[in-house]
Every structure is written in structure tokens, then in C-alpha cells.
Amino acid sequence: MTHAERVHHELRGELLAGTFPYGDRLVEEQLAVRFHTSRTPVREALRRLEGDGHVVRDRSGGMRPNPPRVSAMRELYDVRLVLEDLAVRTARPERLEDLRAEWEELRAEHEDGPDFVHADEAFHEGVARASGNRATERYIHDINERIRVIRVHDFTTPDRIAATIEEHLEILGAIAERRPDSAAALMRVHVERSAAVVEARVGALLARMFEEQPA
């Protein structure tokens, strides 16, 4: 792991935890001292975090924490539910054998942490791909990109990652048994549970970011 990768990993973790209050500027020199490195890795890490949506550049060019927008998340989750329902009902079981094997392997061995969001996205896009409907797959991919910066909050604890793996395997099992109604019901519960966890965690994060700082 390079210095920039380490700073990105550690700084993202602190941003997800609400360590930096909203409005506080992220100063390269201070972050370099905090993470025991030079300004160059910090600058690279901040650029990546800006691309991920975790920080935003102000008018003067400085970086600040970017507070998640819960209202926008809820609207996109509502659209996602409709798309996921269509995908899971029309997915062809024979096209999901590799995906199921992959998630069986993940059940046995996986890494915990926010980066799990990418494996989760691949699952949902894989189910959509198995339906043969390219528009569904494309729209789910687009929504995933829009809500990734918020959805990472669902994967900050090992229990949620383990629960997600089991729920994915349940959904794939229902599809394999050609029970579309059951698969759709499982998918709805899965997505709504994730949304509820994300909303609660983001709410707690915003409370920490916006709480009054001692004078």
C-alpha cells in the first residue's frame, strides 16, 4: 500500500465517522502531520476522495467534508426498488451460477470495510445482467454510482457485511428455484433494510458533523 493509499483509507474512515465537523477546511499541512507523511500523498488522497464524493472543493479551492444528502438518497432508493424488482423477477437462473459461486466464496472469506460496496454493486448489476435487459442493468449501475458515497455507510461494520452476503445468497437461491415472487420479496426487504441502516448511520454522522464545536 502506498502512502497515498494509506492516507486515502484512513482519512475516508475518519470522514465516514464524522470526525471532521461540517465547514472545517481540510488543510494539507495539518493532514500530513496527522497521518505522518508529506503533503503529496495527502493531496493525492484528497483528489480521490473528491472524486468519490466524500469531500467537496469550496470557492477558494480548499477541500471540506461533503455532508450526505438523505433526501436525495431516499428518492434514488425508491427508483432502485422498482428496477431491482424487475431484474430479480426476470433473471435467468442458468446465468447466475457463477455469481452464486462467487458469493459462496465470499461467505467463507472476505475483507471487511467500506470497499465491500463494490462487491455489492457487482451483485446487483449481475442479477440485472442475468435478466438480459440492458436498460435495467444500465439504470441500476447509474443509481449505484449516484448513491455509492452514501451506501458505503452500510458496510462499515462486519455484521452488516455478513448479513448482506446471506441475503444475497437467499435471493440467488430463490431465483435458482424459480420462485420469482419470493426472490422479489427477499430483494425488497434486502434493499429496504440497507436503506434504513444507511439512513440511521448517516443521521448519526450528520449529528456529529454539525454539532457545536467547543470555543
Side-chain angles (χ1 to χ4, degrees), residues 8 12-13 15-18 20 22 48-57 63-91 96 99 103 113-157 159-161 163-168 170-172 174-175 180-181 183-210:
H8 174 267
R12 182 179 63 175
L15 288 164
L16 290 175
F20 300 96
Y22 175 70
R48 283 188 61 188
L49 289 164
E50 182 185 17
D52 294 340
H54 293 294
V55 300
V56 62
R57 193 179 298 273
M63 298 287 197
R64 301 178 188 275
N66 187 21
R69 294 177 55 209
V70 178
S71 59
M73 181 207 81
R74 174 48 65 184
E75 291 174 358
L76 289 168
Y77 261 93
D78 288 344
V79 175
R80 183 183 169 198
L81 277 170
V82 175
L83 294 169
E84 298 277 13
D85 184 86
L86 174 62
V88 79
R89 287 181 182 278
T90 55
L96 289 170
L99 188 64
W103 282 85
D115 284 334
F116 187 82
V117 70
H118 297 292
D120 182 78
E121 290 176 357
F123 168 83
H124 290 277
E125 291 171 27
V127 172
R129 191 175 306 114
S131 73
N133 188 324
R134 293 181 180 178
T136 301
E137 180 186 356
R138 184 169 65 253
Y139 292 141
I140 287 177
H141 174 78
D142 181 60
I143 288 179
N144 279 338
E145 297 227 315
R146 290 170 182 264
I147 62 177
R148 182 181 300 132
V149 66
I150 291 181
R151 289 193 64 243
V152 293
H153 291 275
D154 192 15
F155 304 118
T156 55
T157 56
D159 61 312
R160 279 300 302 152
I161 292 176
T164 296
I165 292 172
E166 294 304 319
E167 290 167 14
H168 283 183
E170 279 189 285
I171 292 166
L172 291 172
I175 296 172
D181 289 342
L186 288 167
M187 180 66 85
R188 174 170 287 274
V189 170
H190 169 65
V191 173
E192 289 182 337
R193 182 177 292 137
S194 173
V197 170
V198 169
E199 197 162 353
R201 290 182 176 176
V202 168
L205 165 68
L206 291 174
R208 288 192 295 273
M209 289 179 69
F210 285 87

**Asked** With D142, which residues qualify under side-chain hydrogen bond (donor to acceptor under 3.5 Å, both in side chains), at least two apart?
**Response** R146

**Prompt:** Taking side chain as C-beta onward, heavy atoms only, is V127 less than 4.5 Å from H168?
**Reply:** no

**Asked** Under 30°, 30 to 60°, or over 60°: which ring-plane class applies to H124 and H190, parallel, tilted or perpendicular?
**Response** parallel

**Message:** Is it the case that atom OH in Y139 sees more than 12 heavy atoms from other parts of the structure closer than 6.0 Å?
**Reply:** no

**Message:** Rounded to the nearest 0.5 Å, what separates atom CD in E84 from atom OG1 in T136?
**Reply:** 10.0 Å

**Request:** Apply side chain to side chain contact (heavy atoms under 4.5 Å, CB included) to A174 and list each qualifying residue two or more places apart in sequence or on a separate chain.
**Result:** R179, S182, A183, L186

**Message:** H8: which residues meet the ring-ring contact (aromatic ring centres under 6.0 Å, His included) condition with it, sequence neighbours left out?
**Reply:** none

**Asked** Taking the side chain from N66 and the backbone from V56, do they hold a donor-acceptor pair closer than 3.5 Å?
**Response** no

**Message:** Do D78 and V82 make a side-chain contact, defined as non-hydrogen atoms from C-beta onward lying under 4.5 Å apart?
**Reply:** no

**Request:** List in chain and number order the residues that pass side-chain hydrogen bond (donor to acceptor under 3.5 Å, both in side chains) with D85, two or more places apart in sequence or in another chain; answer none if no residue qualifies.
**Result:** R89

**Message:** According to ring-ring contact (aromatic ring centres under 6.0 Å, His included), who are the partners of H54, at least two apart in sequence or on a separate chain?
**Reply:** none

**Request:** Identify, with sequence neighbours excluded, every residue that meets side-chain hydrogen bond (donor to acceptor under 3.5 Å, both in side chains) alongside E166.
**Result:** R107

**Request:** For L172 and L99, run side-chain contact (heavy atoms from CB on, under 4.5 Å): C-alpha distance rounded to whole Å, both residues' side-chain angles, the deciding distance at 0.1 Å, then the answer.
**Result:** CA-CA 9 Å; L172 291 172; L99 188 64; 4.2 Å; yes

**Request:** If a pair satisfies salt bridge (charged side-chain N to carboxylate O under 4.0 Å, His left out) and one of its residues is in residues 124-136, list it, with sequence neighbours excluded.
**Result:** R129-E137

**Listed partners of E199 passing side chain to side chain contact (heavy atoms under 4.5 Å, CB included), at least two apart** = V70, M73, R74

**Asked** What residues form a ring-ring contact (aromatic ring centres under 6.0 Å, His included) with F116, not counting sequence neighbours?
**Response** W103, F155

**Under the side chain to side chain contact (heavy atoms under 4.5 Å, CB included) test, residues paired with V197 that sit two or more places apart** = D154, R160, R201

**Prompt:** Can you tell me how far the CG atom of N133 sits from the CZ atom of R138, to the nearest 0.5 Å?
**Reply:** 8.5 Å

**Asked** Less than 4.5 Å apart, any side-chain heavy atom of R151 and any of Y77?
**Response** yes

**Side chain to side chain, I143 and L83, heavy atoms closer than 4.5 Å** = yes

**Asked** Would you say the side chain of E145 lies within less than 4.5 Å of the side chain of R148, judging by non-hydrogen atoms?
**Response** yes

**Item:** Under the side-chain hydrogen bond (donor to acceptor under 3.5 Å, both in side chains) test, residues paired with E170 that sit two or more places apart
**Value:** none

**Request:** List for me each residue that meets side chain to side chain contact (heavy atoms under 4.5 Å, CB included) alongside E50, sequence neighbours excluded, and say none if there are none.
**Result:** V55, R57, M63

**Complete:** Smallest heavy-atom separation, A91 atom then I175 atom, equals O-CG2, 3.9 Å

